[in-house]
Amino acid sequence: MAAILLSPTLLVLGLVVVFPIIMALRESLFTSGTKLDANGFIVKGSTFVGLQNYTDIFKGDTGHRFWNAAFNTTFFTVVCVVLETILGVAMALIMHKAFKGRGVVRASILVPWAIPTVVSALLWKWIFQADGIANTLLGTQILWSTEGWQSKASVIIADTWKTAPFIGLLVLAGLQTIPAEVYEAAKVDGASVWKTFTRITLPLVKPALLVAVLFRILDTLRIFDLPFVLVGAHKDSVETLSMLAYDEAFNTRYGPAAAYATLLFIYVAVVAYAFVKILGADVIGEARAKKPGGGGKAKKRRATAPEISAAAATNTGMGA
């Protein structure tokens, strides 16, 4: 019955996910275009080259361009996700507080995330123009769309502004599941604000936070539209692996483009696997209860509020 009910979903996933991956892997083993054979005749179509498209990636100018794109991709991922996590948690804590006008604050914080990425990139492109608002406020003339640190900074600022609310939204959902009795117990025991945050809030909101960070890592590793629209193509300072694959495909070099896309796919899969294994991000939730040593199935019991409060008080180091 489970297989029958899941078969439509699995069929759709096979068509839109598995089949394109297999075709991309196949395309990466071929090269297409017009060339001359050994007799000097023009040959059109695809030619099987094996792993040559992969080996050519690491050679000469192509290798330099690939490693630069890989560095930019990793750099944007690390910096943007760290900044977005800090700001997202701060936004969640603000939105979680009970104060007058909280609904307006929540709506205003989520507006950047709701804006399409291309529209957001065009907005920030207007802000970062030579005569734009950014240079007016800074009182200087910075060419944000040219090669250099300024183009990297513009992408980081725009991406952080847009997607930090996403982390804030998921963390807010995690905060709302924490019982109020936990904080009341910590307050009675004299726990400081910082100790309450590090000993209670962070541990209890960790599952939601890890899932949010994982989603943002996977999304940033595939970043394309924001730097492409904001800064432009063929800029070494902001060129990413997705932009590199797009450029190869745009110039009808589909074999190398598929090779770049395959390497990016492997990179994303390895990062996701390592993140889940090392940090224990519970992406799909616990599917079944753990079996005890006796071999029988363990029955899960939801902890009561007094038990949670007692555990929280013990974690603060001030409980009896």
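Hydrogens, waters and symmetry mates play no part in the numbers below; they use all other heavy atoms, side chains included. The residues of the chain are indexed from 1 along the displayed sequence.
- A salt bridge links Asp219 with Arg216: at least one charged nitrogen is closer than 4.0 Å to a carboxylate oxygen.
- Residue Thr262 holds its OG1 atom at 10.0 Å from CD of Glu27, rounded to the nearest 0.5 Å.
- A heavy-atom distance below 4.5 Å is found between the side chains of Tyr254 and Thr252.
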Under the criterion side-chain contact (heavy atoms from CB on, under 4.5 Å), I'd like the reasoning laid out for Ile94 against Met91: C-alpha separation, chi angles, the key distance, then a yes or no. CA-CA 5 Å; Ile94 294 174; Met91 290 177 180; 5.7 Å; no

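- Taking the centre and axis of the six-membered ring of Phe30, the NZ or CZ atom of Arg26 falls inside the cone set by 45° and 6.0 Å.
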Chi angles and distances behind the side chain to side chain donor-acceptor pair (under 3.5 Å) call for Ser151, Glu147: CA-CA 6 Å; Ser151 58; Glu147 293 283 4; 5.2 Å; no

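- A pairwise comparison of heavy atoms in Ala186 and Ile200 identifies CB-CD1, 3.4 Å as the closest pair.
- When ring centroids are compared, Trp161 and Trp124 come within the 6.0 Å threshold.
- Using a 4.5 Å cut-off on side-chain heavy atoms (C-beta onward), Ile21 and Phe265 make contact.
- Relative orientation of the Phe58 and Phe66 rings is perpendicular, given thresholds of 30° and 60° on the angle between their planes.
- The shortest non-hydrogen separation linking Thr163 to Asp159 is OG1-O, 2.7 Å.
- Counting only heavy atoms from C-beta outward, the side chains of Phe76 and Val81 never approach each other to under 4.5 Å.
- Two residues are said to be in side-chain contact when any heavy atoms from C-beta on lie closer than 4.5 Å; Ile22 and Leu25 fail this criterion.
- Side-chain contact between Leu218 and Phe275 is absent, with no heavy atoms from C-beta onward closer than 4.5 Å.
- Between Trp149 and Trp144, the ring planes are perpendicular. Angles over 60° get that label, and only those under 30° would be called parallel.
- Between the side chains of Ser242 and Tyr260, no donor N or O sits under 3.5 Å from an acceptor N or O.
- Considering only heavy atoms from C-beta on, Phe128 comes within 4.5 Å of Ile157 through its side chain.
- Taking every heavy atom of both residues into account, Ala164 and Leu87 meet most closely at CB-CB, 4.1 Å.
- By the 30° and 60° cut-offs, the orientation of the rings of Phe228 relative to Phe224 is parallel.
- Here the straight-line distance linking atom CG of Leu221 with atom CG of Leu264 works out to 7.0 Å at 0.5 Å rounding.
- Nearest heavy atom pair, residue Ala212 against residue Leu170, reads CB-CD1, 3.5 Å.
- The number of heavy-atom neighbours closer than 6.0 Å to CZ of Phe197, taken from other residues, nucleotides and ligands shown, is above 12.
- When side chains are defined from C-beta on, Val155 counts as touching Val231, because their heavy atoms get closer than 4.5 Å.
- Asp247 has a carboxylate O that lies under 4.0 Å from a charged side-chain N of Arg65, or vice versa, which qualifies the two as a salt bridge.
- Using a 3.5 Å distance cut-off with no hydrogens or angles, the side chains of Tyr267 and Thr74 do pair a donor with an acceptor.
- Side-chain atoms of Tyr54 and Ser28 form a donor-acceptor pair, as typed in the model, at a separation below 3.5 Å.
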